[in-house]
2 protein chains.
Amino acid sequence: MTSKQNTQQKILDAAERLFADTGFSATSLRQITGMAEVNLASVNYHFGSKKELIQAVLQRYLAVLMPRLDQEFSLLLSSQKPNDLSQVLSVFVEPLLELNKIQNRGTTLFLQLLGRGYTDVQGHLRWFFNHHYGRTLDKFVLLVQQSCPALPASEIFWRLHFSLGTIVFTMASNEALKDIAAADFNEVVEIDGVIKRLIPYLAAGIAAPLQSD
Amino acid sequence: MTSKQNTQQKILDAAERLFADTGFSATSLRQITGMAEVNLASVNYHFGSKKELIQAVLQRYLAVLMPRLDQEFSLLLSSQKPNDLSQVLSVFVEPLLELNKIQNRGTTLFLQLLGRGYTDVQGHLRWFFNHHYGRTLDKFVLLVQQSCPALPASEIFWRLHFSLGTIVFTMASNEALKDIAAADFNEVVEIDGVIKRLIPYLAAGIAAPLQSD
DNA sequence: GTACATTTCAAACAGTTGTTTAAATTGACT
DNA sequence: AGTCAATTTAAACAACTGTTTGAAATGTAC
């Protein structure tokens, strides 16, 4: 029975949709409990606070995604030769697309939430993420450094953040971009299409030659 | 006298700082009027509403920047040969940096506000911008298409939005990035340093070869 | 100085927010 | 049946939001 799932899950499902669509702070608990058809107070009862609900929504995906990524990174690091940058970036594709198994449109929802996490709130989510998954991120940075030996570490730092901006922004405005692409170019682009368009763009940007001056 | 500037300007100055730091919707009129040391009601008296105040804050920069960009774009379009992509992108540098003449840290503030405009609100700012400056933007897109004749228009559309994401995100988290760069790499990076790092990254990404599959 | 328009001000408005409370309901186990 | 804990519920809480009001203050022109 679809109506017999427990309250916590109904809240998480409604929350992630609303959070992804309109952002964390713009979504009220009354909207969430209204869509989930549960009582307002149940959010605080089951999750403690809105802040903790936000973290729980993200954690549902991160708990699956990050260990997989960590494993793939370790595998690439153990190979002797430095890896091609496109290969390193392509590691993200499959684990991200498998988030669709957790939930309908899981990949899209997660990436939108990630975007919201960076643009909406500054504090607690960044800490939450670094605290839980900082080690995994370090492996990824190391891989990129190995595949771009000509670039100083500081330049890689900046370019990876440039790339994070691309991803986060693209996913946050994903719906709008899809609509424009459909209207202006008669293109139907799904989330995997966007991801595969991103790889060559990001790879070229990160590995761009240093300017002379 | 610094304290004798009129109320409107005091409101605009305070508003742009708070908007840039914490976003439009997260900034309350009471914060703004508190920092500006004016009465709460004066915002509605002078600007009508918070929405119109946001537009006025952006307009102070856009009214200077966009005509300059439009002029530069027209100049490049009138040259017979297609222009190098890096040249096209470099057109932004000087006009952006001249925003520092309008205000202390004007360039940084404007770019942060631009970022907030895309991540914070969806509706009225996008309309406001397209309505006032859509023609100028079209010229820029045309220039990019001319300098990348191998890329289909739809691909350029996606890649320009990827690039917008980079810019917007980088500027929104500019302060945090500067701090990290200073702590981890002993680097002092000002806004013009960030802009000049962006150009080769963006140029390489936009002009990246199409993937085969 | 009188008249008039512009601007400032404190106060209140109606609406929303996240959170808490205490009573009512449900469930499981004896 | 009865007991106890887990859960749900409606109501209220205090704090905050953007906006409006009408009186007070200020500036300007005659």
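As a basis for the values below, the full set of heavy atoms in this structure was taken, side chains included, without hydrogen atoms, waters or symmetry mates. Worth saying up front: this structure is predicted, and the values here are computed from it rather than measured.
Regarding Glu37(B), its CD atom lies at a distance of 15 Å from the C1' atom of dC9(C), rounded to whole Å. Across the protein-nucleic acid pair, Gln9(B) atom CD and dT7(C) atom P stand 14 Å apart, rounded to whole Å. Distance, His46(A) NE2 to dG18(C) P: 18 Å, rounded to whole Å. Nucleotide dA6(D) holds its P atom 16 Å from the CG atom of Asn6(A), rounded to whole Å. If you take CD1 of Ile32(A) and P of dT16(C), they are 16 Å apart, rounded to a whole angstrom.
For Glu52(B), there are no salt bridge (charged side-chain N to carboxylate O under 4.0 Å, His left out) partners two or more places apart in sequence or in a different chain. Residues satisfying the salt bridge (charged side-chain N to carboxylate O under 4.0 Å, His left out) test with Lys139(B), not counting sequence neighbours, are Asp70(B).
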Letter by letter from the 5' end, nucleotides 11-24 of chain D scores (B base, S sugar-phosphate only, - none; protein heavy atoms under 4.0 Å) -B----BBBBB---
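Note: Phe169(A) and Phe169(B) fail the aromatic proximity criterion, with ring centroids not under 6.0 Å apart.
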Dot-bracket for DNA chain C, please, read 5' to 3', with Watson-Crick or G-U wobble pairs under 3.5 Å on both distances, ( ) within the strand, [ ] crossing, | other strand, . unpaired. |||||||||||||.||||||||||||||.|
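Residue Thr7(B) places none of its side-chain N or O atoms closer than 4.0 Å to OP1 or OP2 of dT7(C).
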Less than 3.5 Å apart, which donor and acceptor atoms pair up between the side chains of residues 38-45 of chain B and the rest of the protein, not counting sequence neighbours?
residue  : atom : partner  : partner atom : Å
Asn39(B) : OD1  : Ala41(B) : N            : 2.9
Ser42(B) : OG   : Asn39(B) : O            : 2.4
Asn44(B) : ND2  : Gly48(B) : O            : 3.3

Would you mind writing out the side-chain donor-acceptor pairs for residues 90-102 of chain B within the sub-3.5 Å range, not counting sequence neighbours?
residue   : atom : partner   : partner atom : Å
Ser90(B)  : OG   : Ser86(B)  : O            : 2.6
Glu98(B)  : OE1  : Arg68(B)  : NH1          : 2.7
Glu98(B)  : OE2  : Arg68(B)  : NH1          : 3.2
Asn100(B) : OD1  : Gly106(B) : N            : 3.0
Asn100(B) : OD1  : Thr107(B) : N            : 3.2
Asn100(B) : OD1  : Thr107(B) : OG1          : 3.4
Asn100(B) : ND2  : Thr107(B) : OG1          : 3.3

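Between Trp127(B) and His131(B), the angle of the ring planes stays under 30°, which puts this pair in the parallel group of the 30/60° scheme. Taking the six-membered ring where the residue is Trp, Phe110(A) and Tyr61(A) present tilted rings, their angle falling between 30° and 60°.
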Stepwise salt bridge (charged side-chain N to carboxylate O under 4.0 Å, His left out) check, Arg60(A) with Asp13(A): CA-CA 10 Å; Arg60(A) 202 153 54 144; Asp13(A) 289 345; 3.0 Å; yes
